[in-house]
Amino acid sequence: MSNVTFTFDGQQYTGVSGESLASALLRNGVIHFTNSSYKDRPRGIMGLWVEESNALVNVDSGPGEPMKASTTIPIVEGLITRSTQGVGDLPDTRDNSRYDKSNRHVDVLVVGAGIAGLTATKKFAELGKSVILIDDQPTPGGHMRHLGTQVPAELMAVLELANVTYLPRTTVQGLYDQGYSVATQRRTDHLDANVHTEVSRIRTWHIRADHTVLATGAFQRHLVFANNDRPGIMLSHAAATYVSQGANPFKTAVVVTVDNQGYRDALRLHTAGVAVSAVVDIRETAGGASVEAVKDAGIRIVSGKTALDTAGTPTGLVSAVTIAKADGSEPESIDADLIAMSGGWTPIVHLATFIGIKPTWVPALAAFVVERNDVLTSTTGMLAGDFGGDDDAAVFFGPELTTEQALVAFVDFQRDATLRDFNRAIGAGMRSIEHVKRYTSIGTSHDQGKTSGTTTMGLIGQAIGKAPDEIGSLTFRPPYISIPFAALAGRDRGLLSDPIRTTPIHSWHESAKAPMEDVGQWKRPWFFPINGENMHAAVLRECAAVREGVGVMDASTLGKIDLRGKDVGKFLDMIYTNMFSTLKVGMSRYGLMCGIDGMVFDDGVTTRISENHWLMTTTTGGAAKVLDWLEEWLQTEWPDLEVYCTSVTEQIATVAIVGPKSRELMSRLAPDLDVSNEMFAFMENKYADVAGIPARVARISFSGELAYEINVPGSFGLHIWQAVMKQGTDLNITPYGTETMHVLRAEKGFVIVGQETDGTQTPQDLDMDWIVSKKKEDFIGKRSFSRADTAREGRHQLVGILTDDGSAVIPEGAYIVAGVDEKTAPPVKHIGYVTSSYDSAALGHSFALALVANGLARKGEKVAIPMADRVLTGVITDSVFVDKENTRRDG
Amino acid sequence: MLNIPCPYCGPRDETEFHYGAQAHVAYPESPKDLTDEQWAKFVFIKSNPKGWLAERWVHNSGCRRWFNVWRNTATHEFGPSYKPFTQQPKSPA
Amino acid sequence: MASMTRRRSAELPDHPDFLWATDITPKKAYDVIIIGAGGHGLATAYYLAKNHGITNVAILEKGWLAGGNMGRNTTIIRSNYLWDESAGIYDHSLKLWENLEEEVGYEMFFSQRGVMTLAHSVSDVRSKQRNYYANYVNDVDSVWLTPEEIKEIAPIVNISEDIRYPVMGATYQARGGIAKHDWVAWGFAKAAADMGVDIIQGCEVTGFNIVDGKIQGVKTNRGDIAAGKVGMVAAGHTSVLADMAGFDVPLQSRPLQALVSELLEQVLDTVIMSGAVHVYVSQAHKGELVMGAGTDSYNSYAQRGGFHVVEHQLAAACELFPIFERAHMLRTWGGIVDISPDASPIIGLTPVENLFINSGWGTGGFKATPGSGWVMAATIANGEPDKLAKPYALDRFVSGHLIDEHGAAGVAH
Amino acid sequence: MMVNTELAKSPLGGIGLGDATKVFLKEVPFTPGFDLRVQPGTPAFTAVIDALGLKLEPTVGRVMRINADCIVSEDEFPAQGGVIALCLGPDWWYLTGTADIQKLLSSALETHHLSLVDVSSQRTKIEIYGPSAKDVLLHYWEQDLREDNFPIDSCSQGVFAKTPVIMWHCCKDCYILFPRASFAKHIWTALTDAAVEYL
């Protein structure tokens, strides 16, 4: 036992290593710990562990932490703490501690390493079960630790067994369905400074146990009497434990009890050298070994009385207690600087109630207990009502008090909630425990009612003449004790906060300093600025290069699904709105998918590689969703279709070379490939060696320009890209990003699912009736087209908009008003909104796509776009702005 | 964190699955012959009882199979799980 | 955080000495029975009495008053929804909020501290901006904030470009804010009770008396009670009631989890929501951080969800608000929200004559409490949908005229 | 397909890290892989078994192999013509090894309804071995890795650091992850961050 130096409220103290901050402060004579949150009353340490609701601190040393119970903080050299008044503060600095998580499956989880928990561990370990034993104390033994008695050797021995994992300083925070528990382990706070930084400060355990044994023990309750909150008024079990461990600032004690625990603690105080003036017992008669022992020790026993009120010193410490009968009669004052309360035991039912178990009230024990023994969960020890025999508690929570006394009789210390508040709640009509809690805020503070819960229900019972269990059930919510946010974030911070997806060509994009766009989890190059260009300049340049020369884009993020089997065509005819079964081998076709509600859901190009082998592409964001969609229909509706789906998104890297000069570049990359229109037509696929790699080349265009998509195995993606850049140098090959891709497709009126659509557009709304098969008997979504609202005239339809001022780019999302003479000040009736809007190099003019009510019939009409700072005007046009005749795609 | 009994892989954490709501709602034989009301019922109405529900899950991070399982929505207790197009076990209720 | 002044939080004032009568024995018959003493049910009863003079009303509650989602939500109030229909009903509700404390005569801690909705990607910005412009034409107050302007209003937001999903902008509704849920419910309850409404707790509806397709009353665990009209305002339990009444509702009941921290010095004096990273947060009057996330994926009536949802939410919170790293999660809980296919409510008539429905508020019901009660009361009183409620009729699922607010819901589900 | 490693790049460039007496992590680039889909109990299934010379059992989680003893820290499987089959679903196997699997199955593919898709670039291969290998994995892997539940030559698909992976317990203290190529860097970052405490 070495000494350590620590700081509390700016003053240095010395304590014994291994003891708690609370213990060390009592050892140093600190009884007045802080003042209360709202009423500013002096308060001292009252408890022993997490039930403490007065003595909270902010920890300023180490990583720092607000609002910690001083009873749970192990003192270490250099510890710096500040008392709080029930409100924490958050430092502005980052917490650079490491936090992590780990997962375990186990046969049996035992919660609590008291005698009951150790006994259960022994039992299951000897049956050959794997056991995880979790305890929130630094060493095993539970109450025995506090009593200073030795844990039997045969129980200690189980900790050494190979099939037992013992986790001390670990708190089971939550118990969930199917034996799932969450625990937090404090791994470094008890260690002296400079712990290796690779060790996590707190580890969150996720444990799935076939069976969970709850041996969580119990807390002692306080009693509700006038001025029961003065420093020096403590739970008897806590006071006796501190004092017998040498942390003893007290001289004279009065023990106020409802059970024999008070007598046991009186003896411990007596033995430790505190003069016990009296044991005041609300019971008329008491018996048992501990009672006899108190008599033998010559300690005065007062029967049938309890504490009514206390007196204090000028600084507010308790100096005397007035005892009386429960009705307040026969008062007598006794001097004492320690009032030790034993109000009965409250078994720790938290974990049980988390999974919906309702504790039962046992009057003989004056406690809510949980007796459970089923496949998933069992209880033992004090939680199960085994109080070890002779407690013989009275059901008593406090004496009758006058209104004035009730004003200072505290039920919840940290919330400063008094019996008076409580009585007002009853008077106001509150009957449910939940209502009383909300009316008074009892039980909502940092300790979450660990001490006040049962007391509150008991008092309501007393007030309206019902048993505590008729008031409602004692229910708690996870976590058992508070947990730092960062600990629950674990490693999911910074880079790891969400997975980043990259293509095989990503390293090239990075070295080109391209700003990235987050598309789902993918990082995609947004644009490729050269010599300090801004985005607008870069995109105009990239667009022009593609329309006039040749550009290159990394299209590898598109979702790709390999489809095999004789029924793929038939299947796709149901999935897509248009016909696929007629597609010829070697050809590609654009397709649109709808949900059963008839609304556009995804789109992409699908290729028939061979008779029974197809390759579908999806939107970048839609890949997983579409694969799930296909599997759902195949597995749950049409299991007889011979179709297998395989994701090949990463298998295939796709490099698109686009623009009038792409043919020249393609022929350089693949000398053996005939790239003429005659031999290699639009939507055709060819196989050739490209830069030495066998590739599938497709004549697919998302820009309207002549284009070739080079598809190779992912591991060759970077090689192909580099070859394209090399071979294209003299053609001024121009890499472009997602923004330019968006502008180019918009100029052609091609939609982007998720930009032109928001889940409420049919193909017809997108002016794509051409892609809805009239021949097919059925396809997914078809039936919904004929619903009243879906079939009605005047739905929002995709059109173009040209602003009168060609230099003004309408903000995307802006709403549109019919005519320019209409009122434009809000509230104003709108006819639609802008989905896409860009400046266009090709047009030398800005342009936009929009969804407008009855828009197709409105082409040529003037519109206004009202915004807070200005009103733009323009005209509704066709949604295709460039190359309406589709001549450019063939070069 | 539910522990969901996949009939192919055994019990796995909820995070490996996607939910599919009420089981045994088949795509209509001939949608075009349904009234709008009947079609709306197929599209939008899924059973939502408090208690035992035969529901669909897909083990999409595992074997990728869809399956059905009885689950009590009031207690999160699982009953038997079973493959599509196999005999439905009777409700544990 | 120099620009941030930290305030100590204050104790709340006392509730009144008397709230409502308890242990009421139900009468044999009422003009109107409201099923569910949640916020919307209480507000419905209040406006039935106040706006329509109908006071022979009973509210039947199987548990305790405001013990459902009203007692366990994150209390965010805003009206900056996307569609015109939504702007109509939610902004009506917000206007009612703005005079509610005075009108009802009860402190509700209604605080118009603003609601900020962050955007984290190019497409996220696009859809949030559309929302912003939609609010503009509907005359719902809304502004667009740059990251720097966000920092002005909420200095604790991390606007660094290096985080996984950088903050690229936000919509901000200054009139939005929070209120204290219990106080709101109790205010409505007290005012309704004062006007003669019977609030009957621990009274569970076990069936309906329906003759020739017309409601006659309800069966309860405390006997049959006759009624001219019945309103179902039972949130997550609506499907169970509809089953008893013999019709279908397109609802799924899902767990929605929320959590609070311990009391902390004030560091956040607005409401911040981020659909992209699934977190929303405000700091309540006493100083606790109140946070919510997305719903769990499966149907449940168990009032609890998966812990992984909470862990994900706190990870997101630490990224967005580094100062929260050391804050403690003090309590988590789960509610049961009734999710409709288009994330919009279902209000109006049912196939049973004189049986009315108000449900499907999903994750967003609290903000609508007064507006929902207002239109439901009018619908019940007049026997036909209030004009603001018309678009939300059950038949929209047949016609296909959905009001798809998924994008605008607190968290994109 | 034989990989021209001159021109090919693996997602992690064959990086390795650690200490075999504790835990060692490394990427094994260019491991061939195929997704096989075939319905057990069909002629197609029999044809596959004959062609591979490996009696596939349709038990999800079972790994079967011939001529393919796993020798950790060797970049190649020792024997030529080795085939390893990881059963991922009731009609789904992930095939890897040194054999020319495409060639072995080519005739079966012509005559039967089955699907064999080259996914060699879809996934990469990361070996994690050493006494602490399991502990490192359990920081992210929520499935049960206890030997009786996940013995040698078990495999499983699941979520690892929020990404989809195939996990194979290939021999004592040795596990192999097959992550999707696009997530490889993320998984490597996650693994090395978790490994720090054990090195």
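What you see below is based on every heavy atom in this structure, not just the backbone, and it leaves out hydrogens, waters and symmetry mates.
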Cut-off 4.5 Å, heavy atoms of chain C, and the answer for A:Tyr439 is both
Using a cut-off of under 4.5 Å for heavy-atom pairs, which of A:Arg94, A:Met67, A:Glu434 has the most such pairs with chain C? A:Arg94
Does a side-chain heavy-atom distance below 4.5 Å link C:Glu325 with A:Pro484? no
Under 4.5 Å heavy-atom distance to chain C, tell me which part of A:Gln521 shows up: side chain, backbone, both or neither. both
Do C:Met291 and A:Phe485 have side chains that get closer than 4.5 Å, going by heavy atoms? yes
Do the non-hydrogen side-chain atoms of C:Trp83 and A:Thr760 ever get within less than 4.5 Å of each other? yes
I'd like to check A:Pro866 versus C:Val137 (side-chain heavy atoms, cut-off strictly below 4.5 Å). Are they in contact? yes
Quick check on the interface: out of A:Glu65, A:Glu517, A:Met867, A:His446, who has the most heavy-atom pairs with chain C under 4.5 Å? A:Met867
So, the part of C:Gln303 with a heavy atom under 4.5 Å from chain A: the answer is both
Flag the one option from A:Ala814, A:Gly427, A:Ser432 with the top tally of heavy-atom pairs under 4.5 Å to chain C. A:Ala814
Between A:Ala788, A:Gly88, A:Ala486, A:Ala489, who has the most heavy-atom pairs with chain C when the cutoff is under 4.5 Å? A:Gly88
Count the heavy-atom pairs under 4.5 Å between each of C:Ser399, C:Gly400, C:Ala315 and chain A, then report the option with the highest count. C:Ser399
Do you know which two heavy atoms are closest between C:Leu330 and A:Pro479, and how far apart they sit? O-CD, 3.3 Å
Separation between NZ of A:Lys101 and CD of C:Glu311, rounded to the nearest 0.5 Å: 3.5 Å
Please classify the contact between C:Leu259 and chain A as side chain, backbone, both or neither, with a heavy-atom cut-off of under 4.5 Å. side chain
So which heavy atom on C:Tyr132 is nearest to which on A:Ala868, and how close? OH-CB, 4.1 Å
Please check if any side-chain donor atom of C:Tyr165 sits under 3.5 Å from a side-chain acceptor atom of A:Asp518, or the reverse. no
From CZ (C:Arg331) to OG1 (A:Thr444), nearest 0.5 Å: 7.0 Å
Starting from the C-alpha separation in whole Å, work towards a yes-or-no answer on side-chain contact (heavy atoms from CB on, under 4.5 Å) for A:Val87 and C:Glu265. CA-CA 6 Å; A:Val87 177; C:Glu265 286 183 334; 4.1 Å; yes
Region of A:Ile355 that comes under 4.5 Å of a non-hydrogen atom in chain C: backbone
Axial cation check for A:Phe354 ring with C:Arg304, 6.0 Å and 45° limits: no
How about C:Phe307 and A:Tyr176: are their ring centroids closer than 6.0 Å? yes
Counting C-beta onward and ignoring hydrogens, is there a side-chain heavy-atom pair between C:Ser123 and A:Gln755 closer than 4.5 Å? no
Which answer fits C:Leu19, side chain, backbone, both or neither, if we ask what part of it has an atom under 4.5 Å from a heavy atom of chain A? both
Heavy atoms, side chains only, cut-off 4.5 Å: are A:Arg438 and C:Lys180 in contact? no
Please round to the nearest 0.5 Å and tell me the distance separating atom CD1 of A:Ile426 and atom OG1 of C:Thr22. 9.5 Å
Carboxylate-amine/guanidinium proximity below 4.0 Å for A:Glu812 and C:Arg126: yes
With a 4.5 angstrom heavy-atom cut-off, could you sort out which part of C:Ile199 is near chain A: side chain, backbone, both or neither? neither
Measure distances from C:Val140 to the heavy atoms of chain A and classify the residue's part below 4.5 Å as side chain, backbone, both or neither. neither
Are C:Glu319 and A:Arg493 ion-paired here, with the side-chain N under 4.0 Å from a carboxylate O? no
Give, as side chain, backbone, both or neither, the part of A:Lys829 having an atom under 4.5 angstrom from any heavy atom of chain C. neither
Verdict with supporting geometry, A:Asp92 and C:Ile323, side-chain contact (heavy atoms from CB on, under 4.5 Å): CA-CA 6 Å; A:Asp92 303 334; C:Ile323 195 173; 3.7 Å; yes
Would you check if the side chain of C:Arg164 reaches a backbone N or O of A:Pro499 as a donor-acceptor pair within less than 3.5 Å? yes
Side chains of A:His830 and C:Asp84: do they bring a donor and an acceptor to under 3.5 Å? yes
Taking side chain as C-beta onward, heavy atoms only, is A:Trp526 less than 4.5 Å from C:Val122? yes
Under 3.5 Å, side chain of A:Arg424 to main-chain N/O of C:His15, donor-acceptor pair present? yes
When only pairs under 4.5 Å are counted, which of A:Ser836, A:Pro63, A:Ser441, A:Gly490 shares the most heavy-atom pairs with chain C? A:Pro63
So which part of C:Asp395 gets closer than 4.5 Å to some heavy atom of chain A, the side chain, the backbone, both or neither? neither
Heavy-atom proximity to chain A below 4.5 Å, by part of C:Pro341: neither
Report yes or no: does C:Thr332 contribute a side-chain atom to a donor-acceptor pair with the main-chain N or O of A:Pro478 at less than 3.5 Å? yes
Search all heavy atoms of C:Tyr133 against all heavy atoms of A:Gly813 and return the closest pair with its distance. CB-O, 3.3 Å
CG of C:Asp14 to CG of A:Asp421: how many Å apart, nearest 0.5 Å? 6.5 Å
Any chance you could lay out the side-chain contact (heavy atoms from CB on, under 4.5 Å) test for A:Arg431 and C:Trp64, step after step, and finish with the verdict? CA-CA 9 Å; A:Arg431 290 295 178 271; C:Trp64 41 282; over 6 Å; no
What's the spacing between A:Arg477 CZ and C:Gln257 CD if we round to 0.5 Å? 10.5 Å
The test is side-chain contact (heavy atoms from CB on, under 4.5 Å); show your working for A:Ile481 and C:His328 and say whether it passes. CA-CA 9 Å; A:Ile481 59 171; C:His328 292 98; over 6 Å; no
I need the minimum non-hydrogen distance between C:Leu263 and A:Arg415, along with the two atoms involved. CD1-NH1, 3.2 Å
Of the backbone (N, CA, C, O) and the side chain (C-beta and beyond), which part of C:Leu402 lies under 4.5 Å from a heavy atom of chain A, both, or neither? neither
The interface call for A:Ser97 against chain C, heavy-atom contacts under 4.5 Å, is neither
Are more than 12 heavy atoms, taken from residues, nucleotides or ligands other than C:Ile163, located less than 6.0 Å from that residue's CD1 atom? yes
Between C:Asp182 and A:His435, does a side-chain hydrogen bond (donor to acceptor under 3.5 Å, both in side chains) hold up when you go through it step by step? CA-CA 9 Å; C:Asp182 300 324; A:His435 281 157; over 6 Å; no
Within the distance-only criterion (no hydrogens, no angle test), does the side chain of C:Arg326 pair as donor or acceptor with the backbone N or O of A:Thr93 below 3.5 angstrom? yes
Relative to chain C, which of A:Val828, A:Asp492, A:Thr738, A:Val817 shows the most heavy atom pairs under 4.5 Å? A:Val828
Chain A contact via C:Trp183 - side chain, backbone, both or neither, heavy atoms under 4.5 Å: neither
Say you draw a straight line from CG of A:Asp89 to CG of C:Leu264; how long is it, rounded to the nearest 0.5 Å? 8.5 Å
Pairwise side-chain contact, C:Glu262 with A:Gln448, heavy-atom cut-off 4.5 Å (strictly under): no
